[in-house]
Amino acid sequence: STVTARAKWGMSQLANDNDFGVMSAEELLQYERDAATNAGYDPDDPSGSYYLPYSTLEGELTNWMDHFTRTGKMQDYEVSATGGNGKTSYYTSVNFHKNEGVFYGVDYQKFSARVNADHQINDWFKSGARIGATYSKMDDVPMQSLYYSNPIFAGMTIAPWVKPYTEDGKHNVDIPTNANTNPRATAEYDEQYQKSWHGSGSIYLQAEPIKGLVIKTTDAAEYTFAHGRRYWDTYTNEGEATLQTTRLMQSLLTTSNTISYERNIGKNYGRILLGQEASKEYFDYLYLSSRKIDPNIPYPSSSTQADDAGDFDNETSTMLSFFGILDYNFDSRYYLTGSFRRDGSSKFGEDSRWGTFWSVGGSWNISSESFMENASNWLDFLKLRVSYGINGNDNIDSYMAFGTYTTVAYNNITAMRKSTPANPDLSWETNKSFNAGVDFSFLKKFSVNVDLYKRITEDMLLKKPVSMTSGFSSNTVNIGAMENKGLEIQLSANVIRNKYWNWNIAGNISFNRTEITDLAGQSEMAYSGDSRLRHVVGKSMYTFYLKDYYGVNPSNGEALFVAEDGSLTNDYNAARYVYAGSPEPKYTGGLSTDVSWKGITLSAQFEFKGGNDVLIIENRYLQSDGNQMTMNQTKGALNYWKKPGDTGCNPKPMAGNSTNSYSYNTTRYMEDGSYTRLKDVTLSYSFPRELISKIKLNSARVYVSGLNVYTWHNVNFWDPERGVTGMGTGIYPMTKTFVAGIDLSF
């Protein structure tokens, strides 16, 4: 048996490699004074609407981002054991992980255990099992949106002259400009967590009654139980204690049964496999909100029926599949693979649940041909590959094909109304994929993999907007087609390899393009998730649809837009809408390298993305041109129009601005989301075997690592990544982490 023990400890901080930040107290006060003056107010008039004296700076000042953040801490421990004998093998492990986030109140801890075992019962029969269990607890504060208790949003918007503490040392919640909410108070006085218990297990039986004939059954189950609690204390909730509790249960049952036969006849090798799979997924969710509870008994039982509200969700879906696979190769030179499957999903209409999918592929190992012998002194390997196939997608909610109802309160009576329309013809989204590739290596140092692909998606599963007169806003349908094509290249090189030195380099880059080719006769369709995105024929899957912002009028500092006829206007309502770009990157990739010398290894990993656009919605509040006079602003807002002739700047701020120059439906806040990130850099040392064997160790390694060490980008925010749609809000920001660890095996 071999026992391995690992331990690592780390510290993290909020990543800010672009020097993004908000104004200092002095900068904000001057900005607001200028905004008041531009709007015709006197900032030194105590009776005026915007009284902003310089004496404001004489009191206590707070950097709220510093106040809400801390140095995060991480620790992780794992012990595993592997072993066995001629008939039995096993692997077992236990792990404990704890992470204190960079924001107060954001913490996470997890305990997990796993056991894998395989046993050869006799010469033709064996069995095995995989069992895993995890318990986790996540403490948090709301960070999923631009919410007042979101510490990153509040940290950017609360004015620096607002006091963080009361006179008796408690966290100040008298902050009208932030809805009387203080995330530090939320973290300390409120109770907000989710506990989860997850278990998974599988068992297989495998028989080989005759050589080459394998019969196998695998049955698996996964269960998740979760309990969430959000308790708002009377101190943070304006004197009223409120509780929200959630219960979640989710399960997945799967069975897979296959029979396969393989045989070699001379230079011919063949294998055929037939199988059946079935799965059932179940989801059950219960939510209860209780107001005016007794803080001495902070549970729903201390609330009244009139102050309780609840919600319930229950879903079940099943899948049944039959499939077959055929593999053949001749002389390890010519390879052929084919597959066929029939899948039925309960998510679709009764007459359209089944889909038929197949694929075929072949490859040619050219380097094994006799005519390549003359190239064998420099060419190590050369293979051509080609494949074509059709697969299906049923990734939608469980009951989109059926007309469903929801409960509503009508005249104090519970009633039912339709929530989604029926679509009995709803069926599989299909993908027709073609791939051609080449793999080769040469000079025993370099290897290259190139793939060219094209995928046509038909009958896409999209939410189609419908007239509100129907009683619905959208309906999930099979509509339209999309083309996805691209090129992927992977390179690796063993630059140096000798007795003492070893240096490897590897990289990859992908160029991908999506294009919607059909929307059932329509030229465009709104994206159901956000009105600022469209599905447009001839363009990418997601395309920004925004008002066309031009810039600043150099004569008076007003915001200018482009009108329908191409002229410039200061009227937001007269501005034209344009297809402004896409959040989809034109290329993605990575680069890794490692250098080793006498047990010392230095490795680094980079990732990059380019050609994608992002929309920084937060700047609607943080570069608001005077509309948000109670909120702090970003340093970027300091570059504003001050005198005739100024260009390349923000519009002049005006207190109470109502011109919509700050609207997030314009191209003003759209930026290039390209970046390059140093994802990981690690320096490690592996002790010599002859040294550690004296203390009964098989191996010993110590290391230090930096994660997300630096990001090169030009996005006016903490981090350039904004999710698939390029607009995510309230995203937990990227952190950079520094870790030290030790691995021991004995």
Side-chain angles (χ1 to χ4, degrees), residues 204 206-218 220 254-279 319-345 348 352-369 372 381-395 427-440 449-460 481-488 490 510 512:
Y204 75 87
Q206 179 175 306
E208 190 174 1
I210 61 174
K211 185 177 181 181
L213 179 65
V214 177
I215 304 170
K216 185 176 182 180
T217 179
T218 303
T254 306
T255 181
S256 174
N257 306 282
T258 61
I259 180 170
S260 64
Y261 181 70
E262 64 177 1
R263 188 173 180 183
N264 286 293
I265 303 176
K267 295 182 179 181
N268 298 274
Y269 167 82
R271 182 182 76 107
I272 185 170
L273 180 145
L274 299 175
Q276 172 269 335
E277 290 180 342
S279 64
M319 175 85 77
L320 180 61
S321 305
F322 302 93
F323 56 90
I325 301 173
L326 175 66
D327 292 325
Y328 171 78
N329 82 70
F330 175 74
D331 198 23
S332 298
R333 288 184 291 165
Y334 312 110
Y335 296 81
L336 180 66
T337 298
S339 69
F340 179 89
R341 63 184 300 131
R342 181 86 168 150
D343 295 309
S345 173
F348 299 128
S352 53
R353 289 176 177 169
W354 288 90
T356 301
F357 312 107
W358 57 270
S359 68
V360 62
S363 60
W364 180 20
N365 189 353
I366 303 175
S367 55
S368 295
E369 298 287 355
M372 295 295 295
F381 181 76
L382 175 61
K383 176 186 280 189
L384 294 179
R385 296 175 282 103
V386 64
S387 64
Y388 179 81
I390 300 176
N391 57 47
N393 171 35
D394 71 336
N395 189 23
S427 188
W428 291 88
E429 176 181 288
T430 58
N431 298 286
K432 300 176 180 179
S433 301
F434 171 80
N435 180 280
V438 58
D439 308 322
F440 62 95
N449 306 96
V450 180
D451 281 274
L452 186 67
Y453 62 89
K454 181 177 181 179
R455 184 176 68 187
I456 297 175
T457 302
E458 298 177 336
D459 299 322
M460 292 190 295
M482 180 178 68
E483 183 179 275
N484 189 315
K485 58 185 177 181
L487 174 68
E488 296 181 350
Q490 298 183 59
S510 300
N512 183 69

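Predicted model only: the values in this text are computed from it and were never measured. All values below come from the heavy atoms of this structure, side chains included, with hydrogens, waters and symmetry mates left out.
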Chi angles and distances behind the salt bridge (charged side-chain N to carboxylate O under 4.0 Å, His left out) call for Lys454, Glu483: CA-CA 7 Å; Lys454 181 177 181 179; Glu483 183 179 275; 3.4 Å; yes

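- The closest donor-acceptor contact from the side chain of Arg333 to the backbone of Asn365 lies at 3.5 Å or more, if one exists at all.
- Contact record, Arg385 with Val450: NH2-O, 3.8 Å, taken as the closest heavy-atom pair.
- Comment: Lys432 engages Glu458 in a salt bridge, judged by a side-chain N to carboxylate O separation of less than 4.0 angstrom.
- Looking at every heavy atom in both residues, Leu273 comes nearest to Phe323 through CD2-CE1, 3.5 Å.
- Minimum heavy-atom separation, Gly486 to Leu452: O-CD1, 3.5 Å.
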Stepwise side chain to side chain donor-acceptor pair (under 3.5 Å) check, Tyr328 with Asn268: CA-CA 7 Å; Tyr328 171 78; Asn268 298 274; 2.4 Å; yes

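- Between the side chains of Glu429 and Asn393, a donor-acceptor pair is found at a separation under 3.5 Å.
- At least one side-chain heavy atom of Thr258 sits under 4.5 Å from a side-chain heavy atom of Ser256.
- Between the side chain of Trp428 and the backbone N or O of Arg353 there is at least one donor-acceptor pair closer than 3.5 Å.
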Quick one: do Tyr269 and Asp327 satisfy side chain to side chain donor-acceptor pair (under 3.5 Å)? Show the steps, please. CA-CA 8 Å; Tyr269 167 82; Asp327 292 325; 5.8 Å; no

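- Thr218 and Tyr204 get closest at one heavy-atom pair: OG1-CB, 3.6 Å.
- Side-chain contact between Thr356 and Phe340: present, with at least one pair of heavy atoms (C-beta onward) separated by less than 4.5 Å.
- Taking both residues in full, the closest heavy atoms of Ser339 and Ser359 are given as OG-OG, 2.5 Å, listed atom of the first, atom of the second, then distance.
- Counting heavy atoms from C-beta on, the side chains of Leu320 and Trp354 come closer than 4.5 Å.
- Taking the side chain as every heavy atom from C-beta outward, Asn484 and Asn512 approach each other to under 4.5 Å.
- Taking the ring axis of Tyr335 as reference, the NZ or CZ atom of Lys383 stays within 45° of it and closer than 6.0 Å to the ring centre.
- How far CG of Asn435 is from CD of Glu488: 8.0 Å, rounded to the nearest 0.5 Å.
- Summarising the geometry, atom OG belonging to Ser260 is positioned 7.0 Å from atom CG belonging to Leu213; distances are rounded to the nearest 0.5 Å.
- Between the OG atom in Ser510 and the OH atom in Tyr453 there is a gap of 6.0 Å [rounded to 0.5 Å].
- The shortest side-chain heavy-atom distance between Val360 and Thr337 does not fall under the 4.5 Å cut-off.
- Taken to the nearest 0.5 Å, the CD atom of Glu277 stands 8.0 Å off from the OG1 atom of Thr254.
- When the options Phe357, Phe434, Trp358 are evaluated for a ring pair (Phe, Tyr, Trp, His ring centres under 6.0 Å) with Tyr388, the one that passes is Trp358.
- A distance of 7.0 Å separates CG in Asp451 from CG in Asp439, rounded to the nearest 0.5 Å.
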Side chain to side chain contact (heavy atoms under 4.5 Å, CB included) between Arg263 and Ile265, worked out: CA-CA 7 Å; Arg263 188 173 180 183; Ile265 303 176; 4.0 Å; yes

When you look at Asp343 and Ser345, which way does the side chain to side chain donor-acceptor pair (under 3.5 Å) test go after all the steps? CA-CA 7 Å; Asp343 295 309; Ser345 173; over 6 Å; no

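- Between the side chain of Ser367 and the main chain of Leu382, a donor-acceptor pair closer than 3.5 Å is present.
- Arg455 contributes atom CZ, which lies 13.5 Å from atom CD1 of Ile390 (distance to the nearest 0.5 angstrom).
- Contact between Ser321 and Met319 at its shortest, heavy atoms only, is OG-CG, 3.8 Å.
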